[in-house]
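One-based numbering, in listed order, for ligands and for the atoms of each. Nothing here was measured: the structure is a model prediction, and the numbers come from that model.
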Amino acid sequence: MSVEAQKILVIEDEEKIAAALRAYLENAGYGVITAADGEAGLAAFYETNPDLIVLDLMLPKVPGEVVCGEIRLESRIPIIMLTAKSGEDDKLSGFALGADDYVTKPFSPRELIARIRSLLRRCCDGISPMYKSMSWNGGELEIEFESRTVRKNGTEVSLTPSEFKILSSLVKYPGKVFTRDELIDRALGEDFDGFERTIDSHVKNLRGKIEDDTANPKYVITVRGAGYRFGVRK
Ligand code: CA
(Lines give C-alpha, C1' and ligand atoms only; values in the text may rest on other atoms or scores of the structure.)
Protein backbone atom coordinates (compact mmCIF):
# COMPACT_ATOMS: atom_id res chain seq x y z
CA MET A 1 0.00 0.00 0.00
CA SER A 2 1.55 3.26 -1.02
CA VAL A 3 0.63 6.61 0.37
CA GLU A 4 1.19 9.54 -1.94
CA ALA A 5 4.21 11.48 -0.71
CA GLN A 6 3.68 14.97 0.59
CA LYS A 7 5.19 17.51 -1.77
CA ILE A 8 7.64 20.16 -0.69
CA LEU A 9 8.35 23.10 -2.96
CA VAL A 10 11.90 24.41 -2.45
CA ILE A 11 12.44 27.92 -3.82
CA GLU A 12 16.19 28.51 -3.60
CA ASP A 13 18.62 30.01 -6.10
CA GLU A 14 21.81 28.46 -4.70
CA GLU A 15 22.14 25.23 -6.65
CA LYS A 16 24.19 23.42 -4.03
CA ILE A 17 21.68 24.13 -1.28
CA ALA A 18 18.73 23.20 -3.52
CA ALA A 19 20.38 19.92 -4.51
CA ALA A 20 21.26 19.06 -0.91
CA LEU A 21 17.72 19.84 0.23
CA ARG A 22 16.29 17.70 -2.54
CA ALA A 23 18.44 14.74 -1.48
CA TYR A 24 17.62 15.08 2.22
CA LEU A 25 13.91 15.60 1.66
CA GLU A 26 13.58 12.73 -0.80
CA ASN A 27 15.47 10.56 1.61
CA ALA A 28 12.95 11.55 4.29
CA GLY A 29 10.14 10.39 2.00
CA TYR A 30 8.90 13.68 0.59
CA GLY A 31 8.28 14.56 -3.03
CA VAL A 32 10.39 17.57 -4.00
CA ILE A 33 9.87 20.33 -6.54
CA THR A 34 12.59 22.95 -6.90
CA ALA A 35 12.50 26.45 -8.37
CA ALA A 36 15.56 28.67 -8.78
CA ASP A 37 13.98 32.14 -8.57
CA GLY A 38 10.91 33.85 -7.17
CA GLU A 39 9.02 33.96 -10.43
CA ALA A 40 9.54 30.25 -11.13
CA GLY A 41 8.67 29.56 -7.49
CA LEU A 42 5.29 31.29 -7.76
CA ALA A 43 4.57 29.48 -11.03
CA ALA A 44 5.47 26.15 -9.39
CA PHE A 45 3.22 26.95 -6.43
CA TYR A 46 0.22 27.46 -8.72
CA GLU A 47 1.03 24.45 -10.91
CA THR A 48 1.98 21.79 -8.41
CA ASN A 49 -0.19 22.46 -5.35
CA PRO A 50 2.54 21.56 -2.80
CA ASP A 51 1.96 20.75 0.88
CA LEU A 52 4.68 23.02 2.24
CA ILE A 53 7.12 25.60 0.89
CA VAL A 54 10.76 26.16 1.83
CA LEU A 55 11.45 29.69 0.66
CA ASP A 56 14.77 31.48 0.45
CA LEU A 57 14.50 35.18 1.24
CA MET A 58 17.14 36.52 -1.15
CA LEU A 59 16.01 35.39 -4.60
CA PRO A 60 16.48 36.67 -8.15
CA LYS A 61 13.55 38.19 -10.08
CA VAL A 62 10.98 38.19 -7.28
CA PRO A 63 12.32 38.40 -3.69
CA GLY A 64 11.20 35.90 -1.07
CA GLU A 65 9.13 38.37 0.94
CA VAL A 66 7.07 39.23 -2.16
CA VAL A 67 6.65 35.54 -3.01
CA CYS A 68 5.46 34.93 0.54
CA GLY A 69 3.01 37.85 0.40
CA GLU A 70 1.54 36.69 -2.90
CA ILE A 71 1.10 33.13 -1.70
CA ARG A 72 -0.52 34.34 1.50
CA LEU A 73 -3.21 36.13 -0.47
CA GLU A 74 -4.21 32.72 -1.83
CA SER A 75 -3.29 30.12 0.67
CA ARG A 76 -2.45 29.15 4.23
CA ILE A 77 0.12 26.61 3.10
CA PRO A 78 2.95 26.30 5.67
CA ILE A 79 5.99 28.34 4.64
CA ILE A 80 9.47 28.01 6.13
CA MET A 81 11.73 30.92 5.29
CA LEU A 82 15.48 30.51 4.80
CA THR A 83 17.39 33.61 5.84
CA ALA A 84 21.05 34.56 5.89
CA LYS A 85 22.57 34.65 9.33
CA SER A 86 23.32 38.34 9.61
CA GLY A 87 21.75 41.49 8.34
CA GLU A 88 18.40 40.12 7.35
CA ASP A 89 17.08 39.82 10.87
CA ASP A 90 16.49 43.55 11.14
CA LYS A 91 14.82 43.58 7.80
CA LEU A 92 12.66 40.64 8.78
CA SER A 93 11.39 42.19 11.95
CA GLY A 94 10.29 45.27 10.02
CA PHE A 95 7.36 43.69 8.28
CA ALA A 96 4.90 40.91 8.64
CA LEU A 97 5.92 38.21 6.24
CA GLY A 98 3.29 35.66 6.94
CA ALA A 99 5.81 32.83 7.11
CA ASP A 100 5.23 30.15 9.74
CA ASP A 101 8.81 29.44 10.69
CA TYR A 102 12.29 30.31 9.60
CA VAL A 103 15.80 28.89 9.77
CA THR A 104 18.99 30.86 9.37
CA LYS A 105 21.75 29.76 7.00
CA PRO A 106 23.87 27.79 7.40
CA PHE A 107 21.30 25.34 8.75
CA SER A 108 21.35 21.68 9.59
CA PRO A 109 19.18 19.64 7.18
CA ARG A 110 18.14 17.47 10.10
CA GLU A 111 16.78 20.50 11.94
CA LEU A 112 14.99 21.73 8.84
CA ILE A 113 13.33 18.35 8.33
CA ALA A 114 12.25 18.29 11.98
CA ARG A 115 10.64 21.69 11.50
CA ILE A 116 8.96 20.57 8.28
CA ARG A 117 7.53 17.51 10.05
CA SER A 118 6.27 19.60 12.90
CA LEU A 119 4.66 22.19 10.62
CA LEU A 120 2.98 19.53 8.50
CA ARG A 121 1.62 17.95 11.67
CA ARG A 122 0.19 21.22 12.83
CA CYS A 123 -0.80 22.05 9.28
CA CYS A 124 -2.91 25.07 8.82
CA ASP A 125 -4.48 24.96 12.18
CA GLY A 126 -3.38 27.32 14.86
CA ILE A 127 -0.10 27.91 13.06
CA SER A 128 2.31 29.62 15.37
CA PRO A 129 3.42 33.05 14.26
CA MET A 130 6.87 33.79 12.97
CA TYR A 131 7.38 36.45 15.61
CA LYS A 132 6.91 36.39 19.34
CA SER A 133 5.45 39.85 19.12
CA MET A 134 4.33 42.39 16.55
CA SER A 135 3.52 46.07 16.78
CA TRP A 136 2.02 48.71 14.53
CA ASN A 137 1.92 52.48 14.22
CA GLY A 138 5.01 53.01 16.34
CA GLY A 139 3.81 50.73 19.11
CA GLU A 140 0.24 52.04 19.27
CA LEU A 141 -0.97 48.46 18.96
CA GLU A 142 1.18 45.54 20.16
CA ILE A 143 0.59 41.80 20.34
CA GLU A 144 2.65 39.22 22.22
CA PHE A 145 1.53 35.86 20.92
CA GLU A 146 2.80 33.43 23.54
CA SER A 147 1.44 35.33 26.50
CA ARG A 148 -1.60 36.44 24.47
CA THR A 149 -1.05 39.99 25.57
CA VAL A 150 -2.39 42.93 23.60
CA ARG A 151 -1.47 46.51 24.40
CA LYS A 152 -2.94 49.74 23.11
CA ASN A 153 -0.69 52.77 23.64
CA GLY A 154 1.30 50.74 26.16
CA THR A 155 -1.72 49.74 28.25
CA GLU A 156 -2.79 46.13 28.34
CA VAL A 157 -6.26 45.52 26.95
CA SER A 158 -8.19 42.49 28.05
CA LEU A 159 -9.49 40.43 25.11
CA THR A 160 -11.69 37.37 25.33
CA PRO A 161 -10.18 34.18 23.86
CA SER A 162 -12.40 34.55 20.77
CA GLU A 163 -11.40 38.17 20.28
CA PHE A 164 -7.73 37.27 20.61
CA LYS A 165 -8.04 34.42 18.12
CA ILE A 166 -9.82 36.63 15.60
CA LEU A 167 -7.17 39.32 15.91
CA SER A 168 -4.23 36.91 15.76
CA SER A 169 -5.75 35.06 12.77
CA LEU A 170 -6.05 38.34 10.88
CA VAL A 171 -2.55 39.62 11.66
CA LYS A 172 -0.83 36.37 10.70
CA TYR A 173 -2.03 36.76 7.12
CA PRO A 174 -1.63 40.41 6.23
CA GLY A 175 -3.71 41.35 3.21
CA LYS A 176 -5.77 38.19 3.25
CA VAL A 177 -9.53 38.66 3.44
CA PHE A 178 -11.08 36.19 5.86
CA THR A 179 -14.68 35.17 5.32
CA ARG A 180 -16.85 34.91 8.43
CA ASP A 181 -16.81 31.14 7.97
CA GLU A 182 -13.03 31.04 8.02
CA LEU A 183 -12.93 33.16 11.15
CA ILE A 184 -15.45 30.87 12.79
CA ASP A 185 -13.24 27.86 11.98
CA ARG A 186 -10.12 29.51 13.29
CA ALA A 187 -11.45 31.50 16.20
CA LEU A 188 -14.48 29.68 17.50
CA GLY A 189 -13.73 26.11 16.49
CA GLU A 190 -15.61 23.30 14.87
CA ASP A 191 -18.03 22.89 17.73
CA PHE A 192 -19.39 26.33 17.12
CA ASP A 193 -23.04 26.06 16.14
CA GLY A 194 -24.05 29.71 16.09
CA PHE A 195 -24.51 32.08 13.23
CA GLU A 196 -21.98 33.84 11.06
CA ARG A 197 -23.14 37.13 12.51
CA THR A 198 -21.69 36.06 15.86
CA ILE A 199 -18.33 36.94 14.33
CA ASP A 200 -19.59 40.44 13.73
CA SER A 201 -20.40 40.94 17.38
CA HIS A 202 -16.96 39.67 18.43
CA VAL A 203 -15.40 42.04 15.90
CA LYS A 204 -17.49 44.90 17.24
CA ASN A 205 -16.27 44.22 20.77
CA LEU A 206 -12.69 43.79 19.58
CA ARG A 207 -12.81 47.12 17.78
CA GLY A 208 -14.13 48.79 20.90
CA LYS A 209 -10.94 47.68 22.66
CA ILE A 210 -8.27 48.38 20.04
CA GLU A 211 -9.59 51.05 17.67
CA ASP A 212 -9.59 54.81 18.32
CA ASP A 213 -12.74 55.27 16.28
CA THR A 214 -14.89 52.17 15.90
CA ALA A 215 -16.87 53.83 13.10
CA ASN A 216 -13.65 54.25 11.15
CA PRO A 217 -11.47 51.30 12.13
CA LYS A 218 -7.85 51.19 11.04
CA TYR A 219 -6.86 47.68 12.15
CA VAL A 220 -9.82 45.37 11.73
CA ILE A 221 -11.18 46.38 8.35
CA THR A 222 -14.53 45.28 6.92
CA VAL A 223 -14.38 44.10 3.32
CA ARG A 224 -17.89 44.57 1.97
CA GLY A 225 -19.59 41.37 0.88
CA ALA A 226 -16.54 39.31 1.84
CA GLY A 227 -15.44 39.50 5.46
CA TYR A 228 -12.58 41.06 7.34
CA ARG A 229 -8.90 41.73 6.89
CA PHE A 230 -6.14 43.25 8.96
CA GLY A 231 -5.14 46.71 7.85
CA VAL A 232 -2.79 49.29 9.21
CA ARG A 233 -4.10 52.75 8.66
CA LYS A 234 -2.43 55.69 10.38
CA1 CA B 1 19.47 33.19 -2.20
Side-chain angles (χ1 to χ4, degrees), residues 4-124 127-136 145 171-176 230 232:
E4 201 185 334
Q6 286 180 301
K7 283 181 292 188
I8 315 282
L9 170 59
V10 175
I11 309 176
E12 165 63 82
D13 59 312
E14 286 170 68
E15 273 176 44
K16 275 188 186 168
I17 296 179
L21 280 178
R22 172 184 286 281
Y24 275 105
L25 289 168
E26 284 179 349
N27 201 33
Y30 296 109
V32 181
I33 304 132
T34 53
D37 63 62
E39 197 177 280
L42 277 170
F45 163 70
Y46 291 113
E47 281 162 22
T48 64
N49 190 28
D51 296 288
L52 180 145
I53 297 175
V54 176
L55 175 64
D56 186 31
L57 189 58
M58 304 292 271
L59 285 171
K61 294 192 183 171
V62 181
E65 56 263 52
V66 175
V67 173
C68 191
E70 291 217 7
I71 289 170
R72 274 291 170 259
L73 294 177
E74 305 274 331
S75 163
R76 301 173 187 171
I77 182 172
I79 298 176
I80 299 183
M81 194 73 88
L82 300 177
T83 71
K85 197 153 197 175
S86 59
E88 287 179 0
D89 284 356
D90 293 338
K91 197 176 158 193
L92 271 171
S93 60
F95 51 87
L97 283 171
D100 303 295
D101 199 357
Y102 68 98
V103 295
T104 50
K105 291 176 176 178
F107 56 88
S108 112
R110 190 179 287 190
E111 184 196 342
L112 180 66
I113 284 170
R115 284 168 186 251
I116 286 172
R117 284 219 174 93
S118 140
L119 261 182
L120 285 171
R121 250 198 325 266
R122 288 186 282 153
C123 177
C124 308
I127 280 173
S128 63
M130 185 165 179
Y131 306 108
K132 288 201 162 89
S133 66
M134 291 174 85
S135 70
W136 297 271
F145 293 99
V171 304
K172 283 177 205 170
Y173 298 97
K176 174 177 164 54
F230 190 74
V232 184

Non-neighbouring partners of Asp37 that pass salt bridge (charged side-chain N to carboxylate O under 4.0 Å, His left out), sequence neighbours left out: Lys61
Contacts of type salt bridge (charged side-chain N to carboxylate O under 4.0 Å, His left out), residue Glu14, not counting sequence neighbours: Lys105
Nearest 0.5 angstrom please: Ile80 CD1 to Thr83 OG1, how far? 12.0 Å
All heavy atoms of Met58 vs all of Asp56, minimum pair found to be O-OD2, 2.8 Å
Report for the Ca ion (ligand 1), protein N, O or S closer than 3.0 Å, by chain and number, lists Asp13 OD1, Asp56 OD2, Met58 O
Result block: side-chain N/O donor-acceptor pairs under 3.5 angstrom for residues 27-36, not counting sequence neighbours:
| from | atom 1 | to | atom 2 | distance (Å) |
| --- | --- | --- | --- | --- |
| Thr34 | OG1 | Arg22 | NH2 | 3.4 |

Surrounding CZ of Phe107 (heavy atoms of other residues, nucleotides or ligands, distance under 6.0 Å), is the total greater than 12? yes
